Structure formats: structure tokens, C-alpha cells
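All values reported here derive from a predicted model rather than from experimental measurement. All heavy atoms count here, side chains included; hydrogens, waters and symmetry mates do not.
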Amino acid sequence: MRSMEENTFCLEVPAEAAGKRLDGFLAGEQGLTRSAAQKLIESGLVLVEGKPAAKSLKLQAGWRVEGELPQPEELAVEPEDIPLDIVYEDADLLVVNKPKGMVVHPAPGNPCGTLVNALLAHCGDSLSGINGVIRPGIVHRIDKDTSGLLIVAKNDFAHQGLAEQIQAHSFTREYEAVVYGSFREDSGTVDAPIGRHPVERKRMAVTEKASRRAVTHFWVLARYGGFTHLRLRLETGRTHQIRVHMAYLGHPVAGDPVYGPRKVITSLEGQCLHARKIGFIHPRTGEYLEFTSELPPYFQRFLRSLGQPAESFAPVE
């Protein structure tokens with residue numbers, strides 16, 4: 001449970017949010033639904049310039065918005081007998097091929113059916129506890145609608161060793177994606193910092209404010225009419241990094257409902273992005289291990305729907 005102090009907030013309205021309704025601003029800043037923000041305001045737990053305010057109040061730049069969030073409910077994480085596609089497993093770790101549509105760990109709105117629920121059934125108590133009861137064993141994450149390889153630590157020793165490699169950028173993470181448009185260059189690097197979107201707080205953005213360096217390398221595998229098939233390698237691992245960087249270049253990932261065009265390719269049911277390769281030094285043996293995952297059916301079907309590529313290249317290994 002978070003303390004009462006941790007549940008309080010004090011925000012200054014930035015210039016770009018001037019004129020925005022209080023409920024919309026609060027929802028974006030605190031990661032709430034608009035209805036939840038409205039209930040919080042109506043309960044008297046939100047003050048603007050030290051006074052209670054209406055949910056429809058239009059904010060001015062520099063105003064102070066402060067208040068108190070309700071204590072979060074404790075999530076009871078239960079084991080669930082969900083089949084796992086395990087690529088590798090030993091006493092310290094396992095590598096899982098996560099399907100598209102599976103959430104990695106429980107959260108409000110997704111209390112069950114997650115990878116963690118499945119891992120608890122498969123591993124029992126043999127999962128690292130560094131990230132707490134909600135994320136046991138989870139060293140890194142991939143988005144719900146991103147498919148592919150994920151590593152899980154069975155103990156704290158393995159977790160620590162793997163986390164250090166990620167921190168040192170020595171952990172190999174390679175993806176494939178189909179993006180909108182045609183790249184002029186055959187390869188390149190995006191070096192652009194990523195932080196929270198200044199207004200829509202559930203989104204990430206390329207920004208200099210409260211951001212961290214983010215680096216993505218890419219290679220063109222094939223060019224189609226209106227789309228490009230890419231291979232991408234993460235040097236850093238920021239939230240939504242590939243999706244944000246591709247949108248920043250003007251080539252959002254096909255099917256991406258957050259960073260793509262308003263008219264989403266609904267048949268993809270989320271972004272066309274697959275974590276195809278993972279490589280790391282085993283924290284106990286010191287051996288370098290590398291695993292790859294074939295493109296899943298949804299990805300292959302979409303490529304076939306694009307027809308013959310206008311130009312293709314040998315895959316970069």
C-alpha cells in the first residue's frame with residue numbers, strides 16, 4: 001500500500017495545457033479515466049489555487065492543481081493454468097514467446113489472464129521477488145499487442161545480473177515491424193530522448209523535458225507500396241520506444257492505435273511489432289545465449305496482403 005503522502009499530488013499547469021478542462025487535465029496527468037477524475041473532483045479531493053473547483057473549469061498556465069488520490073486496491077495475483085510457449089528454461093531463468101494480446105503483469109482492469117498469472121502456475125514460488133508481488137520474475141516488458149521473446153528471472157541473483165546487462169546496453173533486443181511509408185535510407189539510427197507526453201500523460205513522446213536518452217537502430221528488409229518492413233535493434237529500452245521513434249520519423253507502426261493515424265488497420269488488432277531476437281550473458285554460467293522467434297501468423301498474413309515487395313534486402317544478422 002502506498003502511504004498517504006505518496007498518494008498526494010501537486011501540479012503546475014504548463015502553458016500547453018492552458019484552456020484545458022480540469023477533469024481532462026487531471027485524467028492525463030494522473031493516468032486516470034475522465035470519469036474517475038470527475039469523481040475525484042466532485043468528492044472535494046482536488047483543489048485549484050487552494051480552492052475546490054468544478055470539473056469543467058478551464059485552467060490557466062501557472063495555476064496549481066493539488067489533491068489526494070484514493071488508496072489503491074491490493075491486487076491478489078493468482079496462478080492460472082495458461083499455456084506458455086517456452087523457448088528455453090533452466091534453474092535460473094526462462095525465455096517465453098509471448099503471444100499478441102497477452103498483458104505481461106496484472107494491473108487494475110487486467111487482474112487475470114496475464115503472463116505473470118501463467119508464470120505463477122508454471123514456476124510456483126521460483127520467481128525473483130525484486131519487482132514485488134505484481135511483477136515476479138519480470139526483468140523487462142513488451143507491450144500487450146507486441147508479440148515475441150521475453151526473459152523471466154527465477155531468482156534475485158539472475159534478475160540482478162540480467163538487469164545490469166540491460167542497464168549497460170549489452171542485452172540484445174531485436175524486433176521486426178511493418179511501418180507506414182517508404183524509407184529513403186536503407187539503414188539508420190534514431191537518437192531522440194523520450195519522456196511523457198506533455199499533455200496526454202498515458203502516451204510517450206520525443207521531448208527534451210523530463211526525458212531519457214533513447215536510441216533505436218533500424219535496417220530496411222523490404223519496401224512495399226505504402227509500407228516498409230524493418231528490422232530494429234534497441235540500444236536503450238524506454239517505454240514504447242520503437243513505436244514512438246517510428247512515429248517521430250513520420251513512419252508509425254502499422255496497426256498502432258496510439259501513435260499511428262486515426263484510421264487504424266483493425267485487422268492487425270494492435271501494432272505490427274514482433275520481438276524476434278533476445279541475447280544475453282547467462283548470469284550464472286557466463287555463457288552468451290541467443291534465441292530467435294519466427295514471425296507469427298498475424299505478421300506473415302499482413303506481409304502477404306501487401307503483395308510482392310518493390311525492393312527487398314538480405315536480413316541483417
Side-chain angles (χ1 to χ4, degrees), residues 87 95 97-98 100 139-143 145-151 162-195 203-208 211-224 226-256 258-260 270-281 288-296 299-300 302-303 306 309-317:
V87 177
V95 178
N97 195 20
K98 186 189 82 68
K100 187 183 190 72
V139 181
H140 67 113
R141 291 177 291 168
I142 56 179
D143 298 332
D145 291 325
T146 298
S147 55
L149 298 175
L150 190 74
I151 191 168
L162 293 166
E164 288 173 358
Q165 292 178 56
I166 292 175
Q167 189 71 27
H169 310 314
S170 61
F171 193 93
T172 301
R173 283 174 289 178
E174 198 172 275
Y175 292 71
E176 287 194 22
V178 177
V179 301
Y180 284 92
S182 180
F183 277 78
R184 291 183 179 180
E185 58 271 65
D186 295 338
S187 62
T189 296
V190 188
D191 188 344
I194 290 177
R203 298 179 59 182
M204 308 302 289
V206 169
T207 176
E208 296 292 337
S211 59
R212 301 174 69 189
R213 188 180 182 216
V215 181
T216 305
H217 307 284
F218 65 87
W219 296 264
V220 172
L221 295 179
R223 292 184 175 94
Y224 297 82
F227 293 91
T228 302
H229 182 190
L230 295 177
R231 183 160 293 175
L232 308 105
R233 187 171 296 154
L234 294 181
E235 185 172 318
T236 57
R238 310 303 174 213
T239 301
H240 299 173
Q241 179 171 316
I242 289 175
R243 299 165 64 190
V244 172
H245 272 172
M246 291 302 101
Y248 172 69
L249 293 182
H251 298 283
V253 178
D256 192 332
V258 177
Y259 303 102
Q271 60 272 5
C272 192
L273 181 62
H274 179 66
R276 70 170 295 272
K277 180 187 288 186
I278 196 168
F280 54 91
I281 296 172
Y288 179 75
L289 300 176
E290 189 172 271
F291 305 94
T292 58
S293 168
E294 295 297 320
L295 291 179
F299 201 122
Q300 295 185 45
F302 186 61
L303 286 178
L306 299 178
E311 192 175 18
S312 59
F313 300 83
V316 177
E317 295 296 343

Tell me the closest heavy-atom pair linking [X] and [Y], and the distance in Å.
X	Y	answer
V190	Y248	CG1-CD2, 4.2 Å
A214	T236	CA-OG1, 3.2 Å
A192	V206	CB-CG1, 3.8 Å

Under a 4.5 Å cut-off applied to non-hydrogen side-chain atoms, are [X] and [Y] in contact?
X	Y	value
L306	V178	yes
F291	K277	no
H274	N97	yes
H229	E176	yes
I278	T172	no
P193	E208	yes
R276	E294	no
I194	T207	no

Response to the item:
Checking F227, Y259, Y224 against Y180 for ring pair (Phe, Tyr, Trp, His ring centres under 6.0 Å), the one that qualifies is F227

Is the backbone N or O of [Y] less than 3.5 Å from a side-chain atom of [X], with the two atoms forming a donor-acceptor pair by type?
X	Y	value
Q165	F280	no
H251	M246	no
Q241	R238	yes

Worksheet item: Name the one of H217, H245, R213 that satisfies side-chain hydrogen bond (donor to acceptor under 3.5 Å, both in side chains) with D191?
Response: R213

Item to complete: Verify the distance criterion only: is there a donor paired with an acceptor across the side chains of T216 and E235 at less than 3.5 Å?
Response: no

Item to complete: Just jot down the salt bridge (Lys or Arg N to Asp or Glu O under 4.0 Å) partners of D143, sequence neighbours excluded, or say none.
Response: R243

Show every donor-acceptor pair shorter than 3.5 Å between a side-chain atom in residues 181-188 and any protein atom, with sequence neighbours excluded, or say none if there are none.
residue: D186; atom: OD1; partner: R223; partner atom: NH1; Å: 3.3
residue: D186; atom: OD1; partner: R223; partner atom: NH2; Å: 2.8

Discussion item. Are more than 12 heavy atoms, taken from residues, nucleotides or ligands other than F313, located less than 6.0 Å from that residue's CZ atom?
Written reply: yes

